Every structure is written in structure tokens, then in C-alpha cells.
Amino acid sequence: MHQTLTERVISPARNIDGSLRLPGDKSISHRYALLGGLAEGTSRFSNFSTGADPSSSLACVEALGATVVNDGKGNVEVTGVGGTFHAPAGALDCGNSGSTMRMLAGFLAAQSGEFTLIGDESLTRRPMERVRKPLQQMGAEIDLTDGHAPMTIRGRKLHAMDYTTPVPSAQVKSAVLFAGLQAEGVTTVREAVRTRDHSELALRAFGAELTRTVDSVSITGGQKLTAIEAKVPGDMSSAAFFLCAAALFPGSNLIFDDLGLNPTRASLLDVLTALGAHIGVINLEDKASELIGTVQINAPANGLTGTTVSGGLAAQLIDELPVLAAIAPYTQNGIRIRDARELRVKESDRIALVAQNLRAMGAEVEEFEDGLDVPGGQQLHGAEIDAGGDHRIAMAFSVAALRAEGETLIRGAESAAISFPEFFDLLDGVAQR
Ligand SMILES: O=C(O)C1=C[C@@H](OP(=O)(O)O)[C@@H](O)[C@H](O)C1
Ligand SMILES: C=C(OP(=O)(O)O)C(=O)O
């Protein structure tokens with residue numbers, strides 16, 4: 001099959017075998033970029049994500065006066081502005097990154113001046129009212145167009161507040177915490193489902209104090225941040241593609257060194273174990289409060305069973321759901337996903353696009369407003385996949401293609417670089433053909 005720069009042909013694999021050390025976690029990299037940009041002093045990060053999204057966060061803090069030195073190989077130095085951002089020369093371009101736009105909004109809400117945040121076509125379709133509302137309640141003035149970017153923020157002296165997030169979103173929680181860091185008084189964020197807590201851990205690493213209960217986090221305003229040195233753990237959401245690929249092939253053996261194992265991010269290991277995969281974790285270490293370790297996966301001899309992902313688990317696994325759905329036809333009993341309507345407002349409508357692409361590969365699938373039913377026991381065939389400009393769709397279907405009959409053409413494969421530019425090379429390295 002012919003491929004171009006934006007296309008990839010994936011041929012079936014016989015097995016998955018090897019060991020991987022993955023580039024740094026995208027979520028943690030964003031937080032280190034933004035907090036490092038505001039802090040006093042020079043932060044030094046190694047294994048920083050090479051994805052385009054964290055680069056958008058770096059570019060934004062640079063435009064706001066921080067100095068960024070990036071060797072493009074994961075070593076990044078950020079010299080922060082020491083508490084007050086400078087007026088940028090123009091609009092702040094968040095690219096494809098929802099994390100950048102929403103979390104940066106939290107920082108800028110308390111900074112004096114007017115800031116305009118823009119993004120690409122996909123980001124401009126994503127809901128931003130969810131950050132405008134709490135930040136406005138704290139005192140900032142924020143304009144959107146019909147709930148969407150461009151976002152214009154006129155920063156103000158903020159007052160603290162007690163906020164319950166209406167949707168499970170670590171980005172919204174983080175935006176309020178970053179605003180709260182600079183507000184007068186104690187800001188509390190409550191959430192029904194504990195979403196990823198990298199902001200809480202990073203704030204502490206940069207020297208801020210916060211208090212936590214099972215379902216809330218509180219921060220006192222007016223605390224200063226000090227630069228840190230940190231190694232970013234390997235990205236579990238990137239590992240997900242390889243974990244799912246390995247789980248499909250009896251006889252597979254894959255090892256991940258220095259993988260991020262933050263409990264709010266590692267539920268995929270439990271789900272794959274419930275499906276029958278054998279997973280071992282050793283060498284657990286606590287680095288800048290983030291857990292890392294070595295993970296080994298072997299597939300079950302008789303294939304994966306089946307499961308339901310719903311409730312809080314769906315929220316915690318939100319970025320891993322496309323790849324879980326993409327391997328579901330190869331399980332015995334299928335995978336049922338519910339309570340995941342947030343998937344519809346990611347870089348694409350991930351429920352619709354997963355269903356469309358599974359059908360293109362010959363699978364039966366039922367689409368629900370908040371999820372999917374993918375029956376098991378189905379053999380897929382190679383097809384043309386439309387990634388819809390969405391990195392996680394491109395990578396999820398590259399994994400499904402490994403067990404399909406015939407070759408699969410992934411259109412829009414370049415989008416993998418949003419979170420994981422190394423994906424296709426690493427896949428070639430571990431897929432035995
Ligand atoms: O906080 C983060 O780093 C992220 C939170 C999630 O988004 P939401 O906060 O919109 O759920 C996730 O989908 C995204 O990839 C990264
Ligand atoms: C949804 C994602 O990221 P963001 O919201 O930062 O664009 C993602 O990486 O899957």
C-alpha cells in the first residue's frame with residue numbers, strides 16, 4: 001500500500017516484544033511548563049514530553065516573558081518571571097491543546113493586562129465556558145464567542161472561592177487552583193470523581209502548600225513558587241497503546257522502564273488485569289511526588305475476556321478509552337463503555353469516530369450518547385481509517401490494525417505528534433512481523 005507524509009500503512013503483527021522507555025507525561029509536562037514559567041528561578045526538566053501540545057505551553061510562557069531553552073530531546077530549562085507575566089506581543093497560540101488553554105486561563109485570570117488565547121480549528125470547537133464561569137466568579141473578566149475560543153481575559157485581583165466542578169475535569173480543577181494560588185483567601189475545589197492530581201503534586205513540588213481531603217483540594221492565595229529540577233515520568237497514556245497491543249498477542253512480552261504510575265492515571269493496568277492480562281510492577285519510586293516504576297505485561301494465553309468501564313473509572317480512563325474500544329472486538333465478551341460523554345468534546349467526537357472507524361474495519365458496534373458497546377469475538381479487516389486530526393484516534397486504530405486481516409491505512413497519522421511523535425517508530429521496534 002502507498003503512503004504519504006500524512007498517512008501510515010500498518011500491517012498485521014505476529015507478536016509484540018521488547019522494552020520501552022517512553023517520553024515524558026504530557027499532563028505533567030504542561031504543568032511544569034506553566035508553573036516553571038510563573039516561578040522564580042530556572043527550572044530544569046529532563047524527559048519532558050516531545051509532543052506538540054506541551055510545546056504550546058512552553059511557547060505561551062515564553063510569550064509571557066519566561067525564557068525557555070529546549071534541546072528538543074526532552075531537556076528543557078524554563079526561567080520563570082517570578083510571579084508577574086509580561087504583556088505578550090500578540091495572541092497566545094494554544095495550538096491543539098485544551099490543557100494549555102484551560103490551565104493558562106487560570107494563571108492569567110489573576111494577572112493584570114488583557115490576554116487573548118487562540119487555538120487551531122479543533123480547539124476552537126471545544127467548550128471553554130467551563131473555565132470562564134469559575135474564573136469570572138473569582139473576579140476576572142473573560143469573553144468567549146459562543147462558549148468557544150478565542151478567549152479574551154482581562155485579569156483582575158481575584159477573590160478566593162469554594163467551587164464544585166460540574167464535569168469531571170482535571171483541567172478545570174487546575175485552572176481554579178492556579179487562579180486560587182494568586183487570589184486573596186483560601187480557594188477550595190471539590191470534585192465528585194478524583195481526576196488526575198498532577199497540578200496538586202506539581203504545586204507542592206514548586207513550594208506551594210495545599211490541603212487535600214478525599215474529594216477536595218484547598219490552596220491559600222499569595223504563595224510564591226520556586227524553580228525545581230525534575231525528571232518527567234514516562235507517559236501512561238502513551239504506554240496505553242503499547243499495553244493494549246501487547247495484551248492482544250499470546251506470547252507477547254513488553255517492559256516499560258520509568259513509567260508514570262500516579263494512581264489517578266494507572267487504572268488501565270487494573271482494567272487490563274481484569275481482562276486477563278498479566279501485569280507486574282516493580283522498582284516503584286517517588287520522584288517529585290509522582291510515582292514511577294517498571295511495568296511488564298504478558299497477554300493471556302486464551303485471549304482477553306470482557307469488561308464494562310463506567311462511572312468514575314470512565315473519567316479516570318478518559319484518554320485511554322479510544323484504544324480500549326479499538327481492541328474490544330478481539331476480546332471474548334466485548335467492552336461496554338458508559339458515562340464517557342466527555343469523549344464527544346475532545347480533539348474530535350471520539351465516540352462517533354471510534355464507531356465509524358471500527359465499522360470501516362468490519363466490526364459491529366453500538367453507539368450511545370455517553371459511550372459504546374463493542375461486542376467481542378469479531379475479526380477485523382484492514383481498512384482506510386480517518387483519524388479526524390485526532391492523535392488518540394490515529395494511534396488507537398494503528399493498534400487495532402496489528403491484529404486485523406490485511407493492511408490498514410491511517411489517514412491523518414501525523415496527528416500522533418500532538419502527544420507522541422515517537423509512536424510509529426517505537427511501534428515498528430516492538431511489533432514482530
Ligand atoms: O489535565 C490534564 O492534563 C488532562 C485532562 C483531561 O481533560 P479534561 O480535564 O478536559 O477531562 C484529559 O483528557 C487531557 O488529555 C489531559
Ligand atoms: C484531550 C486531550 O488533550 P487536551 O485536552 O489537552 O487537548 C488528549 O490528549 O487526549
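Please read these numbers as outputs of a predicted model, since none were measured by experiment. One-based numbering, in listed order, for ligands and for the atoms of each.
Centroid-to-centroid, the aromatic rings of F423 and F242 come within less than 6.0 Å.
Under the 4.0 Å criterion applied to side-chain N and carboxylate O atoms, E200 and R204 are not assigned as salt-bridge partners.
Side-chain atoms of R190 never come within 3.5 Å of backbone atoms of D215 as a donor-acceptor pair (strictly under, hydrogens ignored).
Side-chain atoms of S419 and H391 include a donor-acceptor pair closer than 3.5 Å. A donor-acceptor contact under 3.5 angstrom links the side chains of K173 and T195, judged on distance only. Defined by atom type and a distance below 3.5 Å, a donor-acceptor pair is missing between the side-chain atoms of Q316 and T264.
Screening residues 392-401 for salt bridge (Lys or Arg N to Asp or Glu O under 4.0 Å) gives D319-R392 as the qualifying pairs, with residues at least two apart or on separate chains.
In this structure, A202 and L35 approach most closely via the heavy-atom pair CB-CD1, 3.5 Å.
Pocket lining of ligand 2, defined as residues with a non-hydrogen atom under 4.0 Å away: K26, D53, N96, S97, G98, S99, R126, Q171, D319, K346, E347, R350, H391, R392. Around ligand 1 you find K26, S27, R31, S99, R102, P168, S169, A170, Q171, R196, I318, D319, K346, each with a heavy-atom distance below 4.0 Å.
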Please set out all donor-acceptor pairs under 3.5 angstrom arising from side-chain atoms of residues 97-108, sequence neighbours excluded.
unit_1 : atom_1 : unit_2 : atom_2 : d
S97    : OG     : T100   : N      : 3.0
S97    : OG     : T100   : OG1    : 2.7
S99    : OG     : Q171   : NE2    : 3.0
T100   : OG1    : S57    : OG     : 2.9
R102   : NE     : P127   : O      : 3.3
R102   : NH1    : Q171   : OE1    : 2.5
R102   : NH2    : P127   : O      : 2.9

